[in-house]
2 protein chains.
Amino acid sequence: MSERGRPRSFDRTAALERAMQVFWEKGYEGSSLADLTSAMGINPPSLYAAFGCKEALYLEVMELYSRTIGTEIWSALETVPNVKEAIGSFLLATARAYSQPDQPHGCLIALGGLHSGEVTKPICDALCRHRADNIVKLRQRLERAVAEGELPASIDVEAIATFYATVQNGMSILARDGGDHRALKHVADGATAAFDALTGG
Amino acid sequence: MSERGRPRSFDRTAALERAMQVFWEKGYEGSSLADLTSAMGINPPSLYAAFGCKEALYLEVMELYSRTIGTEIWSALETVPNVKEAIGSFLLATARAYSQPDQPHGCLIALGGLHSGEVTKPICDALCRHRADNIVKLRQRLERAVAEGELPASIDVEAIATFYATVQNGMSILARDGGDHRALKHVADGATAAFDALTGG
DNA sequence: CTTTTTTTGTATCAAACGATACATAATTAA
DNA sequence: TTAATTATGTATCGTTTGATACAAAAAAAG
């Protein structure tokens, strides 16, 4: 790409990961440029040259989060054959991810942009889109189970998908309030135990 | 109390209610003094004379919210005799309150202070205390049901209370994302349907 | 009356905010 | 070499932030 001129003196990916930690912990509005540049180990002009602006940096952080932590949480939903076990594994992965001791608790996406005054419109839209996509993923997994004959076609897939996405989002708040892995696992187990009642089994 | 001096020219309670709307919609950091004074119909010196500072105003708003909207949501939990119906009513009241068309969607307390950088320490502590108290209220209701012989003593009351508080918190995020009363009711119904599985019935 | 007390509106404060101007340094291309 | 290009550090920009100083206004107390 750009080979001419003075080379960048920092690792762009490493800096982005540092920025993710800051935004994840403090939120968009709560993270000042000073917080970010300090954590990233660079000065403002380097940040603006490499990422554009604070908003663009946040959007890029969102994609990084989705690609790494997000994938970690959601992969089991597709890979586990039995639908109830798949959702159970997905919720346990959520409990695990949300209580990692070396990371901010809860989900960057679930907790972001919940107040209109604290994020820009593009960020709010992107966050809402990601959260809506979570419901879609769950619904499609349930539809697959119906297609495979594992669940009756009479179930309300949208309602059940919304239920599990809502439980997961609530787990982010629980994790932020200091809920440990044990507490999160109880919620995951409880929601899994509800599966039969929800699917009319 | 203070009868001497120039009388206040605005309704303190009405102004507090306006402030609640702003904080509820935009969050603490997202609400500027200009937003607040504009909505309250007063100038900064009047705000500071009547409420102290932005932080104190928010804390007072929290109490108002808890006393009004909060009571609206939680009263059924105590008044309904049957514990499953009590929790069901509590969740339906939540669904109703979170989707009022003339109010911000979701709960001021559930959505507040989720990012350390966006609130002061006293506010974060007060919000966490309120949310922890929600779990206590649910646990005590379950303990009452056990004492009344409605549920077996073998159940994990803390785990079940945490589950329902978590579902309720998730409903705030769903409501913020545009989830309507129908979607919220589905979640409430689903969580209520899970009651028997959770209580080993 | 006059004095005292409190509130009000205007105008503004110092600090923090996101974002840049600018000169210098470091690299490639000619 | 020289020119062109890009990144860096310092220092600072204009705005917005939460919060006040101040004088005028409006009430009760003496």
Side-chain angles (χ1 to χ4, degrees), chain A residues 1-16 18-19 22-23 25-61 112-113 115-124, chain B residues 1-16 18-20 22-23 25-62 112-113 115-124:
Chain A
M1 183 80 83
S2 66
E3 293 173 341
R4 295 222 305 220
R6 180 173 175 174
R8 184 177 288 130
S9 66
F10 63 94
D11 183 337
R12 193 183 186 279
T13 303
L16 187 64
R18 301 288 193 89
V22 176
F23 278 134
E25 172 74 34
K26 302 186 162 193
Y28 179 72
E29 183 91 17
S31 302
S32 68
L33 257 292
D35 291 333
L36 292 164
T37 53
S38 166
M40 298 163 86
I42 57 177
N43 294 112
S46 297
L47 188 154
Y48 281 87
F51 300 101
C53 64
K54 188 186 176 186
E55 180 182 83
L57 175 61
Y58 187 89
L59 291 170
E60 203 166 330
V61 158
H115 289 117
S116 62
E118 287 168 355
V119 285
T120 65
K121 184 74 172 17
I123 289 178
C124 190
Chain B
M1 181 79 84
S2 64
E3 294 173 341
R4 295 226 302 223
R6 179 172 174 174
R8 184 176 288 132
S9 67
F10 62 94
D11 183 337
R12 192 183 187 279
T13 303
L16 187 64
R18 302 288 193 90
M20 181 172 81
V22 176
F23 278 134
E25 172 74 34
K26 301 187 162 189
Y28 179 72
E29 183 92 17
S31 303
S32 68
L33 257 292
D35 291 332
L36 291 164
T37 54
S38 167
M40 298 164 85
I42 58 177
N43 295 113
S46 297
L47 187 153
Y48 282 87
F51 300 101
C53 63
K54 188 187 176 185
E55 180 182 82
L57 175 60
Y58 187 89
L59 290 170
E60 203 166 332
V61 158
M62 267 186 61
H115 289 116
S116 62
E118 286 168 356
V119 285
T120 65
K121 183 78 174 12
I123 289 178
C124 190

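Order of the sequence lines sets the chain letters (A, B, ...), proteins ahead of strands, with each chain counted from 1.
- Within the 4.0 Å cut-off from OP1 or OP2 of C:dT8, at least one side-chain nitrogen or oxygen of B:Ser9 is found.
- Distance, B:Lys26 NZ to D:dT16 C1': 14 Å, rounded to whole Å.
- Rounded to a whole Å, the CZ atom of A:Phe10 is 9 Å from the P atom of D:dA7.
- For B:Arg12, the salt bridge (charged side-chain N to carboxylate O under 4.0 Å, His left out) partners two or more places apart in sequence, or in a different chain, are B:Glu60.
- Pairs of residues two or more places apart, or lying in two chains, that qualify as salt bridge (Lys or Arg N to Asp or Glu O under 4.0 Å) and include a residue from residues 28-38 of chain A are A:Lys26-A:Asp35.
- Summarising the geometry, the separation between CD on B:Glu29 and C1' on D:dT16 is reported as 12 Å, rounded to the nearest angstrom.
- Rounded to whole angstrom, the span from the CD1 atom of A:Ile123 across to the P atom of C:dG18 amounts to 12 Å.
- Helix bend of the helix from C:dC1-D:dG30 to C:dA30-D:dT1: the angle between its two end axes, each built from five pairs, comes to 10° after rounding to 10°.
- Listed here is the closest heavy atom pair of A:Gly113 and A:Val119: CA-CG2, 3.7 Å.
- Counting to the nearest Å, the C1' atom of D:dT17 and the CD atom of B:Glu118 are 15 Å from each other.
- Only A:Asn43, A:Pro45, A:Ser46, listed by number, bring a heavy atom of residues 32-57 of chain A to less than 4.0 angstrom from any atom of DNA chain D.
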Report each atom pair, protein N/O against N/O of nucleotides 23-27 of chain C, whose distance is under 3.5 angstrom.
from	atom 1	to	atom 2	distance (Å)
C:dA25	N3	A:Arg6	NH1	3.3

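- With values rounded to the nearest 0.5 angstrom, B:His115 atom NE2 is found 11.0 Å from B:Cys124 atom SG.
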Anything under 3.5 Å between a donor and an acceptor, one on a side chain of residues 40-59 of chain A, the other on a protein residue two or more places apart or in another chain? List them.
from	atom 1	to	atom 2	distance (Å)
A:Lys54	NZ	A:Tyr28	O	2.9
A:Lys54	NZ	A:Ser31	O	2.8
A:Glu55	OE2	A:Thr120	OG1	2.5

